[in-house]
Amino acid sequence: MTQLVLGLSAFYHDSAAALVADGVPVAAAQEERFSRRRHDPSFPHEAVGYCLREAGAELGDVAAVAYYEDPALKFRRVLATYAGAAPHGLPSFLDGLPAWLGWKRHATRAVREHLAGPEGRAVPEVVARRHHESHAASAFFASPYPSAAVLCVDGVGEWATTTLWQGVGTRLRHLAELRFPHSLGLLYSAFTYFCGFKVDSGEYKLMGLAPYGTPRFAPLIRERLIDVKPDGSFRLDLRRFEYLRGRVMTGPGFEELFGGPRRLPEGPLTEREFDLAASVQQVTEDVVVRLARTARRLTGEPRLCLAGGVALNCVANGRLLEDAGLTELWVQPAAGDAGGSLGAALAEAHERGAPRPHLGSGHDAMAGALLGPAYSDDEIGAYLDAHGIPYERPGFDGVARQVAGALASGAIVGWFQGRMEFGPRALGSRSILADPRDPGMQSALNLRTKFRESFRPFAPAVLAEDAKDWFDLRQESPYMLIVGRVAAAQRLTAEVPEGVRGLDLLHVPRSTVPAVTHVDGSARVQTVDGRHPRLRELLLAFKERTGCPVLVNTSFNVRGEPIVRTPREAYACFMRTNIDLLALGGFLLRKEEQPPWHEERDWRDGIPMD
Ligand SMILES: [Fe+2]
């Protein structure tokens with residue numbers, strides 16, 4: 001009989017469910033994709049329902065449910081934090097107390113009750129795994145390695161904020177940890193907040209801003225905010241942060257160091273924010289590189305697995321390979337807390353004797369991270385017909401050929417194919433695609449397709465076999481989590497003109513693929529092989545036509561909205577934006593053939609700013 005383990009993350013942010021069958025991840029999805037609430041923290045009813053349907057199973061078939069953190073430990077940390085910060089922390093302590101005394105403290109009981117539902121279904125055993133163990137398990141057990149060092153870095157779970165492990169076979173050995181309130185994730189989030197972005201989602205923006213600045217504050221950060229030891233362990237100077245005391249991340253301690261109050265959300269970006277971003281990025285990279293060297297030394301393993309929110313900071317990952325003496329790096333594509341659901345399930349499954357059957361295949365266990373729901377051409381056709389939506393149906397090969405042609409003539413394409421991605425990146429199943437050679441494309445996509453800030457970079461998808469001709473990468477990067485420089489042969493030698501700074505850098509020609517080249521010449525690359533077969537076929541067709549095996553690949557959504565899941569959501573996003581062409585499986589929809597699009601109210605009203 002198949003051993004099924006259901007993993008859950010819930011009640012904080014990025015709720016998700018994952019199902020593991022005999023040690024193999026078979027389905028995983030974030031609740032936000034169903035509820036349409038970004039980073040939805042509520043119980044992942046829809047994601048659980050999807051995972052069970054995908055496996056043709058019912059709750060009664062599941063051997064165990066694994067929750068991604070230990071609620072009792074987390075409760076003790078929250079209590080101790082507030083007690084330690086009293087009386088300053090009292091207002092936010094009193095705000096949070098009822099919730100903590102109620103369901104949050106008893107999260108596993110809450111899990112049981114949610115799963116039982118009003119009809120009182122029988123619920124399998126519910127167990128809690130440690131938060132960082134869930135991250136470590138998601139990184140190592142799903143990796144292609146029989147043994148490896150494992151590094152997890154995030155904001156905070158229960159107490160741990162940074163952990164080192166050694167994984168061998170189906171076992172994980174805990175080696176070392178750093179504890180709250182000393183947290184690299186919280187340091188990064190403090191700067192995210194100070195620069196006027198939202199904590200727990202704006203960290204990407206800060207990372208995207210870094211190449212526009214110079215790290216002039218890095219020495220000050222090292223001197224006054226974080227004391228980093230040669231082995232990568234660190235202590236924050238907590239007097240300079242507010243997160244122990246109140247509802248905000250930073251206050252006078254930062255204002256005094258960095259020249260006045262924080263930038264207000266949506267306010268103008270100044271050189272200070274660019275330079276703060278560059279500085280905290282440099283400090284973060286230095287710490288992660290030192291930690292990776294320590295992991296290498298403690299375990300003797302030349303291969304490293306990474307997870308935790310900080311692992312999504314792919315710039316640091318690019319430096320890891322270069323500077324930490326690693327032969328290979330594997331980053332869990334759902335490295336944030338959503339991926340904790342999968343890690344908890346894997347940890348529990350292996351403890352109950354499940355093998356790692358993917359070892360020996362040469363690939364990881366993530367199936368290209370395509371673990372979400374798919375829609376067949378029959379389902380897509382039924383939706384289009386029911387709503388009288390005009391389409392052509394050339395079949396997938398025809399779609400790929402026509403889309404390649406349209407992309408080459410400047411079209412922006414909505415690309416909806418196969419199973420949805422698990423994790424924050426679109427990898428060619430729910431993507432918006434464009435021609436990276438077009439110098440105007442980055443700003444067209446940011447301002448008129450995604451309705452987001454003009455500085456934000458786009459990432460390239462490149463045929464795996466051609467990657468080395470276009471990007472300096474030492475290994476594959478199937479999940480768009482490793483940054484490399486655009487290859488010298490593709491770079492333009494234009495010097496940055498004297499005095500050009502900040503956002504004006506965007507207008508300096510950078511490479512033959514400007515839309516995916518960041519202002520510092522770097523790119524966050526997805527190398528595309530047989531794990532993403534439909535994107536691969538399109539890249540082959542685009543290369544045949546243009547000689548360029550690269551496309552812009554960005555997630556299929558607008559700013560503040562979760563990535564689309566269904567054909568209906570894809571169609572709405574297509575009609576609300578300047579996307580020219582929508583490829584839904586074997587169907588092709590052209591904007592100019594669509595009937596006028598009406599909505600009761602401005603759809604943007606319903607989407608909170610991110
Ligand atoms: Fe975490």
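The figures here come from the full heavy-atom set of this structure, side chains too, leaving out hydrogens, waters and symmetry mates. Residue indices begin at 1 and follow the sequence shown.
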What I want to check is whether the side chains of Lys198 and Thr192 have a donor and an acceptor closer together than 3.5 Å.
no

For the pair His13 and His39, name the ring-plane relationship: parallel under 30°, tilted 30 to 60°, perpendicular over 60°.
tilted

Please give me the minimum heavy-atom distance between Pro181 and Leu238, naming the atom from each residue.
CG-CD1, 3.4 Å

Aromatic centroids of Phe217 and Phe191 separated by under 6.0 Å:
no

Any donor-acceptor pair under 3.5 Å linking the side chain of Arg510 with the backbone of Ser522?
no

Donor-acceptor pair, Ser431 side chain versus Gly428 backbone, under 3.5 Å?
yes

So do Phe274 and Leu269 actually touch side chain to side chain, heavy atoms under 4.5 Å?
yes

Within this structure, what is the CD-CD distance for the pair Glu328 and Glu301, rounded to the nearest 0.5 Å?
11.5 Å

State whether the side chain of Asn446 and the backbone N or O of Arg456 hold a donor-acceptor pair below 3.5 Å, judged by distance alone.
yes

Shortest non-hydrogen contact between Ser42 and Ala10, atoms and distance
O-CB, 4.4 Å

At their closest point, which heavy atom of Gln526 faces which heavy atom of Asn553, and how far apart are they?
OE1-ND2, 2.9 Å

Evaluate the side-chain contact (heavy atoms from CB on, under 4.5 Å) criterion for residues Arg173 and Val168: first the C-alpha distance (whole Å), next the side-chain angles of each, then the deciding distance (0.1 Å), finally the verdict.
CA-CA 8 Å; Arg173 190 161 64 97; Val168 180; over 6 Å; no

Side-chain donor/acceptor of Thr327 to backbone N/O of Pro302, under 3.5 Å
yes

For the aromatic rings, using the six-membered ring if either is Trp, is the centroid distance between His358 and Phe141 under 6.0 Å?
no

Side chain to side chain, Leu225 and Leu257, heavy atoms closer than 4.5 Å:
yes

Tell me, with the steps shown, if Glu273 and Lys205 meet salt bridge (charged side-chain N to carboxylate O under 4.0 Å, His left out).
CA-CA 11 Å; Glu273 284 77 42; Lys205 298 188 186 183; over 6 Å; no

Side-chain heavy-atom pair Ser341, Phe422 within 4.5 angstrom cut-off
yes

Would you say the rings of His182 and Phe234 are close, in the sense that their centroids are separated by under 6.0 Å?
no

Output, in order, the C-alpha distance, side-chain angles, deciding distance and verdict of ring pair (Phe, Tyr, Trp, His ring centres under 6.0 Å) for Phe458 and His518.
CA-CA 8 Å; Phe458 288 102; His518 217 336; over 10 Å; no

Should the ring pair His131 and Tyr68 be called parallel, tilted or perpendicular, given that the plane angle runs from 0 to 90° and is split at 30 and 60?
tilted

Let me confirm one number: the OG1-CG distance from Thr294 to Leu164, rounded to the nearest 0.5 Å.
7.0 Å

Give a yes or no on whether a salt bridge exists between Lys229 and Asp231, defined as a side-chain N under 4.0 angstrom from a carboxylate O.
no

Any carboxylate oxygen within less than 4.0 angstrom of a Lys/Arg side-chain nitrogen, looking at Glu351 and Arg129?
yes

So how far is it from Ile482 CD1 to Trp330 CH2, rounded to the nearest 0.5 Å?
11.0 Å

Given the rule in the side-chain contact (heavy atoms from CB on, under 4.5 Å) test, do Arg262 and Glu255 qualify, once you have shown the distances and angles that lead to the verdict?
CA-CA 7 Å; Arg262 73 177 189 124; Glu255 291 170 9; 5.9 Å; no

CZ (Arg216) with more than 12 external heavy atoms under 6.0 Å:
yes

Salt-bridged, Glu31 to Arg33, with N to O below 4.0 Å?
no

Nearest-0.5 Å distance that lies between atom CG in Leu342 and atom CE in Met366:
5.0 Å

Considering only NZ, NE, NH1 and NH2 on the basic side and carboxylate oxygens on the acidic side, decide whether Arg222 and Asp286 come within less than 4.0 Å.
yes

Can you give me the closest heavy-atom contact between His135 and Gly336, atom names plus distance?
CE1-O, 3.5 Å

Would you call Arg38 and Glu561 a side-chain contact if the rule is heavy atoms closer than 4.5 Å?
no

Donor-acceptor check, side chain of Thr527 to backbone of Ser477, threshold 3.5 angstrom: yes or no?
yes

Keeping Ser138 on the side-chain end and Gly343 on the backbone end, is there a donor-acceptor pair under 3.5 Å?
no

Can a donor-acceptor pair be found, under 3.5 Å and without considering hydrogens, that links the side chain of Thr214 to the backbone of Asp275?
no

Do His132 and Thr163 meet the criterion of a side-chain donor-acceptor pair at a distance under 3.5 Å?
yes

Should the pair Arg303 and Tyr145 be classed as cation-pi, given the thresholds of under 6.0 Å to the six-membered ring centre and 45° from the axis?
yes

Run the numbers on Tyr188 and Gln281 for side-chain hydrogen bond (donor to acceptor under 3.5 Å, both in side chains), then give the verdict.
CA-CA 8 Å; Tyr188 210 87; Gln281 181 66 34; 2.5 Å; yes

Minimal heavy-atom distance between Thr108 and Ala128, with the atoms involved, is CG2-CB, 3.9 Å

Working for side-chain contact (heavy atoms from CB on, under 4.5 Å), residues Asp364 and Arg531:
CA-CA 11 Å; Asp364 61 51; Arg531 282 170 280 184; 3.5 Å; yes

Is any side-chain heavy atom of Pro44 closer than 4.5 Å to a side-chain heavy atom of Leu8?
yes

Given side chains that start at C-beta, do those of Val528 and Val462 come closer than 4.5 Å, heavy atoms only?
no

Looking at CD of Glu348 and CG of Leu6, how far apart are the two atoms once the value is rounded to the nearest 0.5 Å?
11.5 Å

Where the side chain of Arg296 meets the backbone of Leu326, is there a donor-acceptor pair that is under 3.5 Å apart?
no

Answer yes if the ring centres of Phe241 and Phe254 are under 6.0 angstrom apart, and no otherwise.
yes

Quick one: does any side-chain atom of Ser183 pair with a main-chain N or O of Gly155 as donor and acceptor, under 3.5 Å?
yes

side-chain hydrogen bond (donor to acceptor under 3.5 Å, both in side chains) evaluation trace for Glu203 with Ser189:
CA-CA 7 Å; Glu203 283 76 6; Ser189 292; 2.7 Å; yes

Here the pair of heavy atoms bringing Gly368 nearest to His532 is O-NE2, 2.8 Å

Sidechain-backbone polar pair: Gln30 side chain, Ser15 backbone, donor-acceptor under 3.5 Å:
no

Working for side-chain contact (heavy atoms from CB on, under 4.5 Å), residues Gln475 and Leu329:
CA-CA 8 Å; Gln475 65 166 65; Leu329 176 66; 3.8 Å; yes

Leu276 CG to Ile221 CD1 distance, which is reported to the nearest 0.5 Å
6.5 Å

Got a sec, which residues hit side chain to side chain donor-acceptor pair (under 3.5 Å) with Asp70, two or more places apart in sequence or on another chain?
none

Check whether any side-chain heavy atom of Ser555 lies under 4.5 Å from a side-chain heavy atom of Lys450, and answer yes or no.
yes

Is the Phe455 ring parallel, tilted or perpendicular to the Tyr212 ring (thresholds 30°, 60°)?
perpendicular

Should Leu184 and Thr284 count as side-chain neighbours, where that means a heavy-atom distance under 4.5 Å?
yes

Between Ser279 and Gln282: side-chain donor-acceptor atoms closer than 3.5 Å
no

